[in-house]
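Here is the structure we will look at, set down as structure tokens.
Just so it is clear, the model here is predicted, and its values are computed rather than measured. Just so you know, ligand 1 is whichever comes first in the structure, and atom 1 is the first atom listed for that ligand.
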Amino acid sequence: MPAPYIHGHHPSVLRSHTWRTVQNSCPHLLPYLTTPALRILDVGCGPGTISVDLASRVPDGSVYAIDPSASVIDTARRHAVDKSVTNVRFEVGDIYNWRALDGVQEGGFDIVHAHQVLQHLQDPVTAMREMKKLVKPSGILAVRESDYEGFVFYPDDIPGLHEWKKLYIAVARGLGCDPNIGRRLHAVAMEAGFERRDIDASASVWVFSNPEERQWWCGLWADRTLQSEFKDKVLESGRGSVEDLKRIAEAWRDLERREDGWFSVLNAEVVCRVKES
Ligand SMILES: C[S@@+](CC[C@H](N)C(=O)[O-])C[C@H]1O[C@@H](n2cnc3c(N)ncnc32)[C@H](O)[C@@H]1O
């Protein structure tokens, strides 16, 4: 049974996730997408915009994408149809239970990929171990996760945004997850059985600063704060009230209005090489 997912799949959440592409979310993967016949597994694919982009980059290969949420898998399938991409397969599935999936075998994929998934799991080491099993000898496991403590913004004098960060981290930890896993992804990979010399660790940031970027990012977080699963998780945790959430949503609107506003999201990546057996 997957852990309760803090964001859920409310439209305000999907507005964020459907923006994602290989270019803006998988810079660490680009050097590996050099042959068109790769077989890729996308774990925790959400609405599938990254999966479909990956599939379009491997026209002689294929992408198998899984997520435990049936509703988001429907959204992803519709996206593939809209983009006329046919070499992608979306299935409801859970990384801890991949043996239940038709067509997923040990050593079956050149690249196993997960974007912003391990931070939502209670046992990321086991998840990585399972993902490692699915990589072909000489293939790679590539994971990218954010690190909430590393998010910084300007101006720094918007108290509601500090409150949001503290609250988000506390609620995620209360669910048994690590919202700051980015900084220790390489250590998680080592625990999952990779040797340090077989792991490349890097980081990259998203920056939201110009008026359109602020309107989009701050607007969706204002909505997520008041409407998505995050609101329910905050209230259930007893760590915040509806009044607190309203103040936080207003802080996001404040940053959106500030012409000098700037927000950055720290993302860490690991590319782990699986050896020839
Ligand atoms: C933050 S979203 C990321 C979606 C997508 N990778 C992206 O970056 O747009 C995290 C996703 O992980 C999925 N997830 C949660 N637990 C999972 C598990 N045990 N196995 C696979 N996916 C899982 C959630 O349903 C959710 O869609």
Could you tell me which atoms of ligand 1, counted from 1 in the order shown, lie closer than 4.0 angstrom to a heavy atom of [X]?
X: I95; result: 20 (N), 21 (C)
X: H9; result: 25 (O), 26 (C), 27 (O)
X: L121; result: 16 (N), 17 (C), 18 (C), 19 (N)
X: D94; result: 18 (C), 19 (N), 20 (N)
X: H120; result: 1 (C), 10 (C)

For the residue pair [Y] / [X], report whether a side-chain donor-acceptor contact shorter than 3.5 Å exists.
X: Q23; Y: D53; value: no
X: D156; Y: H162; value: yes
X: D244; Y: S241; value: yes

Geometric N/O contact [X] with ligand 1, under 3.5 angstrom:
X: Q116; result: no
X: D42; result: no
X: V117; result: no
X: S69; result: no
X: Y5; result: no
X: G93; result: no

Heavy atom of Q119, distance to ligand 1 below 4.0 Å =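 It does not; every heavy atom stays at 4.0 Å or beyond.
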
Does some non-hydrogen atom of D67 fall short of 4.0 Å from ligand 1?
->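 It does, in that a heavy atom of D67 comes within the 4.0 Å cut-off of ligand 1.
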
NZ (K83) with more than 12 external heavy atoms under 6.0 Å = no

Matching residue for L54 among L38, V85, L29 - test: side chain to side chain contact (heavy atoms under 4.5 Å, CB included) |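 Looking at L38, V85, L29, the match for L54 under the side chain to side chain contact (heavy atoms under 4.5 Å, CB included) is L29.
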
Ring geometry between [Y] and [X] (parallel below 30°, tilted from 30 to 60°, perpendicular above 60°):
X: W206; Y: F208; value: tilted
X: F263; Y: W164; value: perpendicular
X: Y168; Y: W221; value: perpendicular

Which of these, H17, E145, R20, Q122, has its nearest heavy atom closest to atom 7 (C) of ligand 1?
->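 Looking at heavy atoms only, the winner is R20.
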
Could you walk me through whether E243 and K246 pass the salt bridge (charged side-chain N to carboxylate O under 4.0 Å, His left out) test, one step at a time?
-> CA-CA 5 Å; E243 284 315 306; K246 283 186 182 160; 3.7 Å; yes

Between A127 and ligand 1, which part of the residue brings a heavy atom under 4.0 Å of the ligand: side chain, backbone, both or neither?
->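 It is neither; nothing of A127 touches ligand 1.
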
With a 6.0 Å cut-off on ring centres, are H113 and F109 close enough?
-> no

